[in-house]
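Note sheet for the following structure.
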Amino acid sequence: MIVTRFAPSPTGYLHIGGLRTALFSYLWARKNGGKFLLRIEDTDESRNSEAATQAIIEAFAWVGLEHDGDITYQSQRKEVYAQYLQQLLDEGKAYYCYLSKEELAALREQQMAAKERPRYDGRYRDFDGEVPRDIDPVIRIKAPLSGTMVIDDGIKGEVVFQAEDILDDFIIARADGTPTYNFVVAIDDALMGVTEVIRGDDHLSNTPKQMVVYEALGFDVPKFYHVPMIHNQSGKKLSKRDGATDVMAYKTMGYLPEALLNFLVRLGWSHGDQEIFSFDEMCDLFDPKDINKSASIYNTEKLDWLNAHYIKNSSNTELATLLEPYGITLVSHDKKEILLDVLKERAKTLEEMAAMVNEIISAPKTYDAKAVKKAFKGDAKAILEDFTMKLQVRDDMHLPSDYHEAMEELVNEKGIGFGKIGQPLRVALLGKLSGPGLDTVMAVIGKDESIRRISNAVTGIEI
RNA sequence: GGCCCCAUCGUCUAGCGGUUAGGAUCCAUGGUUUUCAUCCAUGUUACCGGAGUUCGAGUCUCCGUGGGGUCACCA
């Protein structure tokens with residue numbers, strides 16, 4: 001069975017890049033009828049926070065990625081790591097190293113000065129002399145110091161490292177006894193039964209170290225897929241400092257989770273020319289072999305387009321609910337269908353849509369000066385007053401077509417173009433020259449409110 | 001700097017030895033719309049450079065160049 005995982009360290013919100021690798025892992029598990037596990041890498045107590053863990057869970061919930069089984073917390077597995085540490089010590093595959101931090105730093109400086117690669121020199125590897133007192137030792141693992149390490153990566157292909165280029169006896173437990181990342185990752189992935197590790201390719205150079213651990217402990221090495229980074233506009237690795245990378249910020253800005261996922265799945269992955277993927281389609285079609293080898297630049301132009309697409313295809317009931325966090329209450333509005341039918345063709349985000357609702361529902365507080373100048377010339381006011389009379393004599397005004405007829409009648413009687421009435425009317429109703437069809441606007445706000453706004457404009461606008 | 005990865009329109013990408021190098025987005029223009037947006041149509045724009053292999057190279061090889069990642073008692 002295929003088992004994948006997402007293993008964030010809870011140091012802040014979940015960001016876009018993390019969500020994408022999580023999505024890839026999720027899809028690959030679903031596609032294969034396998035499991036997708038979630039592990040919180042909270043071994044560094046000084047940097048972790050419970051709030052960050054909650055933020056990650058909240059983001060997962062919002063986009064609808066469900067992990068299988070319970071969440072694994074590394075902070076709750078200290079005994080497990082201690083046990084394997086002891087095992088390696090007992091088997092002579094790891095050893096205590098009494099080199100102090102200061103001595104290590106000095107060694108590194110010396111090597112750098114000599115233009116050598118900074119690395120631990122192995123002085124305690126087979127040490128049987130007198131052990132220094134007053135030093136809490138770290139534990140180092142015996143790594144192969146020659147030979148080649150080969151990663152059969154599902155995306156990059158075969159990646160070959162020379163052990164002497166990249167390895168030394170690296171630290172697997174700190175002086176305070178806590179285990180380090182490369183050690184616990186390997187243990188947890190093995191114990192959790194993870195068969196496919198899909199992660200950012202910034203981890204590619206960590207992989208040989210983890211392979212050392214797998215081998216020392218006799219675990220099977222999983223299949224690795226190192227996904228190319230997402231870069232920011234300046235071509236560097238996308239980080240939390242780049243802004244607008246908090247997944248939940250996209251909710252606030254009015255993006256739909258299906259749009260965000262569709263956007264992310266196409267960043268670095270493709271299935272021919274297809275652009276639109278439903279969640280089910282993604283699960284069905286995703287394959288890591290179709291992931292690109294090169295990094296992509298983060299650019300949300302396409303996200304806006306996708307979001308507009310998914311808004312258009314949402315039901316009015318769904319939209320009414322989604323607009324509520326923006327202070328829009330439409331459930332009981334008798335013209336909500338008409339309003340939403342029109343607005344969902346126009347909005348790129350829910351936030352934008354909410355603003356559009358407000359522009360229609362509430363009377364304009366100000367009139368755009370340019371719009372007034374353009375629309376209120378000649379006999380505009382007279383035409384508006386004529387139109388008011390047309391409205392007043394009509395009953396049963398409900399549909400946009402009812403208002404359209406009234407406008408049509410007026411332009412026909414007066415022998416004028418639609419613009420003659422449309423322009424000033426638009427300013428009167430909305431305060432500006434753009435917006436949805438006037439017949440729709442009037443149908444939504446009703447006859448009385450329409451007349452009120454027109455009369456306000458006629459008396460309130462100075463020409 | 002060492003090691004590793006990468007390289008097609010501005011951006012996301014298709015291509016897997018023979019194509020007028022395709023799609024999407026963005027942008028521009030036209031149509032639809034009383035306006036704006038939507039929608040539809042059209043258009044501009046790309047194989048990093050150089051050798052080699054081959055009848056033929058965006059595709060394979062090598063060398064450059066450029067970009068990125070990583071080198072912790074962080075994860």
Side-chain angles (χ1 to χ4, degrees), chain A residues 7-11 41-44 46-48 74 97 99-101 104-105 108 112 115-119 136-140 151 153 155-157 159-162 164-166 170-182 184-185 200-208 226 228-229 231 233 235-237 263 266-276 290 292-306 308 312 342-348 352 356 371 374-375 404 407 411 416-423 425-427 430 432-439:
Chain A
S9 60
T11 56
E41 311 228 317
D42 53 354
T43 52
D44 185 350
S46 61
R47 300 204 310 157
N48 297 150
Q74 289 188 328
C97 167
L99 200 63
S100 70
K101 272 188 186 176
L104 221 199
R108 181 175 299 127
M112 304 244 285
K115 301 243 179 238
E116 287 168 21
R117 180 171 80 84
R119 65 193 307 196
D136 292 324
V138 298
I139 300 175
R140 290 181 181 271
I151 304 168
D153 192 272
I155 295 170
K156 308 279 187 189
V159 181
V160 181
F161 294 92
Q162 299 302 320
E164 62 262 38
D165 286 339
I166 51 158
F170 57 94
I171 293 170
I172 56 174
R174 302 180 186 93
D176 65 5
T178 58
T180 59
Y181 169 74
N182 285 121
V184 298
V185 163
D201 75 4
D202 50 344
H203 283 284
L204 191 55
S205 51
N206 276 325
T207 308
H226 286 98
M229 299 278 87
H231 285 169
Q233 298 292 343
K236 310 279 192 222
K237 177 172 152 179
F263 170 70
R266 281 288 286 105
L267 204 58
W269 175 82
S270 61
H271 183 259
D273 285 339
Q274 188 169 345
E275 297 286 349
I276 306 288
D290 298 319
N292 248 229
K293 290 174 132 178
S294 54
S296 39
I297 293 174
Y298 189 65
N299 177 320
T300 54
E301 276 172 355
K302 218 165 195 168
L303 174 60
D304 285 340
W305 171 72
L306 282 165
K312 282 186 191 77
V342 160
L343 292 188
K344 70 186 181 188
E345 295 291 329
R346 314 173 60 84
K348 283 204 286 287
E352 223 175 75
M356 289 174 180
K374 196 169 170 204
H404 190 79
M407 290 175 77
V411 295
I416 54 176
F418 250 103
K420 271 285 186 200
I421 172 69
Q423 300 270 69
L425 183 55
R426 182 168 292 286
V427 174
L430 299 171
K432 56 177 192 172
L433 280 177
S434 61
L438 295 172
D439 44 10

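From a predicted model like this one, the values you see are computed outputs, not experimental measurements. Numbers restart at 1 for each chain; the letters A, B, ... are given by sequence-line order, proteins then strands.
A donor N or O paired with an acceptor N or O is found under 3.5 Å between the base of C12(B) and the side-chain atoms of K302(A). Between the side chain of Q274(A) and the base of G23(B), no donor-acceptor pair under 3.5 Å is found.
L267(A) has its side chain within reach of Y298(A): a pair of non-hydrogen atoms, C-beta onward, lies under 4.5 Å apart. Using a 4.5 Å cut-off on side-chain heavy atoms (C-beta onward), V411(A) and I421(A) make contact. Residues E41(A) and V185(A) form a side-chain contact, since some pair of their non-hydrogen atoms from C-beta on lies under 4.5 Å apart. Residues R140(A) and I171(A) have side chains in contact (heavy-atom distance under 4.5 Å, counting atoms from C-beta outward). Between D153(A) and L204(A), some side-chain heavy-atom pair lies under the 4.5 Å cut-off. Contact check for P179(A) versus I172(A): no side-chain heavy atoms found under the 4.5 Å cut-off. Contact annotation: the side chain of W305(A) approaches that of E275(A) to within less than 4.5 Å [non-hydrogen atoms, C-beta and beyond].
Computed from coordinates, the Q233(A) CD to G68(B) P distance equals 14 Å when rounded to whole Å. When the P atom of U11(B) is taken as reference, atom NE2 of H231(A) falls 13 Å away, rounded to whole Å. For the pair D165(A) CG and C71(B) P, the interatomic distance rounds to 16 Å; values are reported in whole Å. One atom, CD of E345(A), and another, C1' of C40(B), lie 14 Å apart when rounded to the nearest Å. Following rounding to the nearest Å, F418(A) (CZ) and U34(B) (P) show an atom-to-atom distance of 7 Å. The distance from atom NE2 of H203(A) to atom C1' of U70(B) is 11 Å, rounded to the nearest whole Å.
At the heavy-atom level, K101(A) lies under 4.0 Å from base atoms of the strands shown. The residue T11(A) sits apart from the nucleic acid: no heavy atom pair falls under 4.0 Å. Across all strands shown, L267(A) has heavy atoms under 4.0 Å from sugar-phosphate atoms exclusively, and none from any base. P436(A) comes within 4.0 angstrom of a base, heavy atoms only. Nucleic acid contact class of I416(A) (heavy atoms, under 4.0 Å, all strands): none. Among the atoms of the strands shown, base atoms are found under 4.0 Å from some heavy atom of G435(A). Counting any heavy atom pair closer than 4.0 Å across all strands shown, K115(A) reaches no nucleic acid atom. Contact annotation for T207(A): no contact, since no heavy-atom pair falls under 4.0 Å across all strands. I297(A) comes within 4.0 angstrom of sugar-phosphate atoms only, judged by non-hydrogen atoms across all strands, and of no base. Residue V411(A) is out of contact with every strand shown, counting any heavy-atom pair closer than 4.0 Å. Among the heavy atoms of the strands lying under 4.0 Å from N206(A) is at least one base atom, whether or not backbone atoms are also near. When heavy atoms are screened at a 4.0 angstrom cut-off, F161(A) is found touching the sugar-phosphate backbone but no base atom. The residue I421(A) sits apart from the nucleic acid: no heavy atom pair falls under 4.0 Å. No contact: G200(A) has no heavy atom under 4.0 Å from any strand.
The partner of A24(B) is U11(B), judged by Watson-Crick or G-U wobble contacts that both fall below 3.5 Å.
Relative to the side chain of S9(A), the nucleotides G69(B), C5(B), A75(B) differ in distance, and A75(B) lies closest. Counting only heavy atoms from C-beta on, R426(A) has its side chain closest to U35(B) among C12(B), U35(B), A14(B). Taking the side chain of Y181(A) as heavy atoms from C-beta on, and the options A24(B), U13(B), A75(B), the nearest nucleotide is A75(B). Side-chain atoms of V159(A) lie closest to C5(B) of the nucleotides U11(B), C5(B), U13(B). Side-chain atoms of K156(A) lie closest to C5(B) of the nucleotides C5(B), A14(B), G69(B). Of the listed nucleotides (U35(B), U13(B), C3(B)), U13(B) has the atom at the smallest distance from the side chain of R266(A).
Spacing of C1' atoms, C55(B) relative to G50(B), comes out at 22 Å, to the nearest Å. Here, U8(B) and C47(B) have their P atoms 11 Å apart, quoted to the whole Å. Of the P atoms belonging to G56(B) and G18(B), the separation is 14 Å, rounded to the nearest Å. For the P atom pair drawn from C48(B) and G10(B), the interatomic distance equals 11 Å after rounding to whole Å. Of the C1' atoms belonging to U65(B) and C73(B), the separation is 39 Å, rounded to the nearest Å.
Close to C6(B), at under 4.0 Å from its OP1 or OP2, lies a side-chain N or O of K293(A). Contact annotation: S205(A) side-chain N/O to C71(B) OP1/OP2 distance is not under 4.0 Å. Residue S294(A) places no side-chain N or O under 4.0 Å from the OP1 or OP2 atom of G68(B).
In terms of position along RNA chain B, the nucleotide closest to V342(A) lies nearer the 5' end than the nucleotide closest to the other residue of the pair V342(A) and K236(A). Between D273(A) and E301(A), the residue anchored closer to the 5' end of RNA chain B is E301(A), taking for each the nucleotide with the nearest heavy atom.
Taking the six-membered ring where the residue is Trp, F418(A) and H404(A) present parallel rings, their angle staying beneath 30° rather than reaching 60°.
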